[in-house]
Structure formats: structure tokens, C-alpha cells
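For ligands, and for the atoms within them, numbers begin at 1 and follow the listed sequence.
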Amino acid sequence: MSEGEGLFHSVQVGDSTFTVLTRYQQLRAIGSGAQGIVCSALDSVLGVPVAVKKLSRPFQNQTHAKRAYRELVLLKCVNHKNIIRLLNVFTPQNSLEEFQDLYLVMELMDASLCQVIHMDLDHERMSYLLYQILCGIRHLHSAGIIHRDLKPSNIVVKSDCTLKILDFGLARTACTNFMMTPYVVTRYYRAPEVILGMKYKENVDIWSVGCIMGEMVKGSVIFQGTDHIDQWNKVIEVLGTPPMEFMNRLMETVRNYVMNKPQYPGVSFSQLFPDWAFPAETEQDQLKTSQARDLLSKMLVIDPESRISVEDALDHPYIHMWYDPGEADAPPPQISDKQLEEREHSIEQWKGMTTPAFSQPIASLQSSRSLPSVSP
Ligand code: AMP
């Protein structure tokens, strides 16, 4: 090993080896996602628990490299209480040539929203969780980042009901209109404009919030399509076939497909979310229930032109009780176009672009052989 011996230790986590700075002790696997495995750990320097995510082979191809780069840049630029905070980033490798593995150290939360979404949440908790998701996405939108991949597994919560959004690998700037690839959004929470390849704007994320809220109320996924195409079937079976005005905005091939589907009248929101599905312990709950259903009916709207905006959702009576300008209107993160690089690069270029995120550029390691990390 290099002069850095002792600075790192290796721990076997399932099938994966975590080679982390020795300050991170007591690693335990807590989750895994498209990008890799996440462990809880103790930061023995600060004496605090942290989450350590190992990006699995981030430079295996250009798509992975680009996602790793984007996630790192965004995590470093964004500073908001409802977006996970990056505490450290390091690689155990000594040179740009050897650079393989990327570890992100983040604040540790207690659970993903998947573990909470089917619990019996009262109106206070439900509205507070939704408020925080809205604050987080509004903050991203203020920097021109539209998430499009919001889903319970990339939202984490603490037992005190605080909430943070994870994952920016798939976020794109608002101005680019990319062809959507199937992995962009897990299909249950995928907005109609994404399923149908239409232009999207900020309220594409409102659809996902509506799906999450609907799932909290109903206790099960509301649009559980078996595949990409079936996802659209599930949406129209429940919400009804959208009007011609919407159809006219589809690409011709998509329009032909969509218009060949049977016509569905849709189900009313009071049938879809009956009173008994909501918490009803106090008289106040009845008012909250009608407000909650009203908000659902404004978020779960197929046509983005008629769907509520993030700002109006934050102003909605069900949510507004939590409104704090410091959280909802925080100054936008400063992210330059250069940092939100959308162009293609070679893997070596992506590696080189990723290293400035380290406090000590990895390129300088070739001479100094010291190890890179960004201290909190
Ligand atoms: P990701 O790879 O970021 O999608 O994370 C995969 C899973 O790991 C999530 O669904 C969470 O269950 C868990 N996880 C990720 N980051 C954290 C964190 N900072 N705190 C607690 N759990 C996390």
C-alpha cells in the first residue's frame, strides 16, 4: 500500500467491499439503490452517525460517469434542510489512473419513506412530510433542476418527522428537453408527460408528490403499472381519458396509440379516497380530510397545464400551516451551466471533472501520494 496505509480500512458489506477512511467505523448496510450500497457508520472524529454510499463502479460507462458527476456536483452546491447534506467525499485510490470507487458521506436519516408511507399517518404528520417534499423540490426548481424521479425510496425521514430528498443523478436542467429513457423515473410515480414523452415543466414533480400522498392515504401504490405501457392504462382507468385538448399536444405516433385505448370515465376523488381512508379522530380531522382530498384532486391531474404548481401547493390550506419563508423560499443554489454539464465526455474526462469535488484534487496525488477528502 501507499503512504496512506492506515488511513483506510476495508469492511465486507454483503457482496461488496467498502474501503473507507478509518474515521468511519461500525459500517452496517442500510439500503441499496440503482447506484450502489449505503451503510450507516460512526464518524469517530466528530462522534456522529453518518451514511456512507459507495457508488458502484461509477466509471464503468459514460452514463454512470455522468450520473456520478451530476450527483456529486448537485450535492455539493445544494444547501437546504430538505435535501440530504454531503459531509465528505473520498476515494481510496491514489491516482487518476487508478480512480475507480467513489464514496459519499452524508448525514444519516432513520428510514426511507417506503418504510413510513404505509403507516397510519395522522394529518399533522402527513401534511408536514408533504410540505417538506414541496420545499425540497421548490429549492431544486429555483436552480433550474427538475427532479423527475421522486419516489419513496429516494426520500428519507427521521423519527422526528424531518425529511430529506436523496439522489440527483437523473436531474436535468429545466431548459433541456431530453428524450426520456426508461430508467429515468420508477414507473409508479412517473408523470403522464414523462410516460408520453411530452415537454415537461416544474410541476412534473407535483405528480409524483400526488402519487406519494395518494399512497399515504390509500395504503397502496395508486398507479401500479406492470410495465411502461401499462402505467398509462392504470392512470386513465382511475383518472379517466384526458380531453382532446390534451391529446392534440401529443406527438402523432403517441396520439394514435393513446386514442386507440378504450375511453374511461374515471373515478371521483371521493370514491378514490373515501372518508374512511383518512385519519378521523377529531372534528378538526374532517376539515383536514376535505382539504387533503382537494389537494389530491389538484395534484393528480393528467394535464400539466391544469395541474397545481409547486407554489400553489405550498399555499394550499392543507400545507400552508407549515409555511416558513426560510424553508420554502430559500435563496437558490448557485450552480453554473458548466457544473450542470450536459455534454458527452470520455470516461477519463468525467473522472478528471469529478476530482475537483475533492478538497485535494486527485491529480495532485500523483506527486504527493496523499489521500483526497473533503472535510465537513
Ligand atoms: P440511494 O442509493 O441513494 O437511492 O439509497 C438507497 C437506499 O439507502 C435508500 O432508499 C435509503 O433506504 C437508504 N439511504 C440512502 N441514503 C441514506 C441516508 N442518508 N440516511 C438513511 N438512509 C439512507
I need the nearest protein heavy-atom contact for atom 12 (O) of ligand 1: residue, atom name and distance, please.
Ser112 CB, 3.4 Å

Using a 4.0 Å heavy-atom cut-off, which part of Asn154 comes near ligand 1: side chain, backbone, both, or neither?
neither

Looking only at protein heavy atoms, which one is nearest to atom 9 (C) of ligand 1, and what is the separation?
Ser153 O, 3.4 Å

Minimum-distance protein heavy atom relative to atom 2 (O) of ligand 1:
Lys53 NZ, 3.4 Å

What part of Lys164, side chain, backbone, both or neither, has a heavy atom within less than 4.0 angstrom of ligand 1?
neither

Describe, in one word, how the ring planes of Phe278 and Phe273 are oriented to each other, choosing from parallel (under 30°), tilted (30 to 60°) and perpendicular (over 60°).
perpendicular

Identify the protein heavy atom lying closest to atom 20 (N) of ligand 1, giving its residue, its atom name and the separation to 0.1 Å.
Met109 N, 2.9 Å

Ring centroid separation for Phe90 and Tyr103, is it under 6.0 angstrom?
yes

Less than 4.0 Å between a side-chain N and a carboxylate O, is that true for Lys351 and Glu97?
no

If we check ring pair (Phe, Tyr, Trp, His ring centres under 6.0 Å) with Trp350, which of these qualifies: Phe59, Phe99, Tyr69?
Tyr69

Pick whichever of Lys158, Lys54, Glu107 has a heavy atom sitting closest to atom 19 (N) of ligand 1.
Glu107

Can a side-chain donor-acceptor contact be found between Gln291 and His123 if the only test is distance below 3.5 angstrom?
no

Among non-hydrogen protein atoms, atom 1 (P) of ligand 1 lies closest to Asp167 OD1, 3.4 Å

Checking a contact table here: which protein heavy atom is nearest atom 14 (N) of ligand 1, and how many Å away?
Val38 CG1, 3.9 Å

Top protein contact for atom 13 (C) of ligand 1, by heavy-atom distance:
Gly31 CA, 4.2 Å

Can you run down the salt bridge (Lys or Arg N to Asp or Glu O under 4.0 Å) pairs that involve residues 237-248, sequence neighbours left out, and say none if there aren't any?
Glu245-Arg249

State whether a side-chain donor-acceptor pair under 3.5 Å links His147 with Asp167.
no

Top protein contact for atom 17 (C) of ligand 1, by heavy-atom distance
Leu166 CD2, 4.0 Å

Measure from atom 7 (C) of ligand 1 to every heavy atom in Ala111, Ser32, Gly36 and give the option owning the shortest one.
Ser32

Heavy-atom contacts with Gly33 under 4.0 Å: which atoms of ligand 1 show up? List them by number with element.
2 (O), 6 (C)

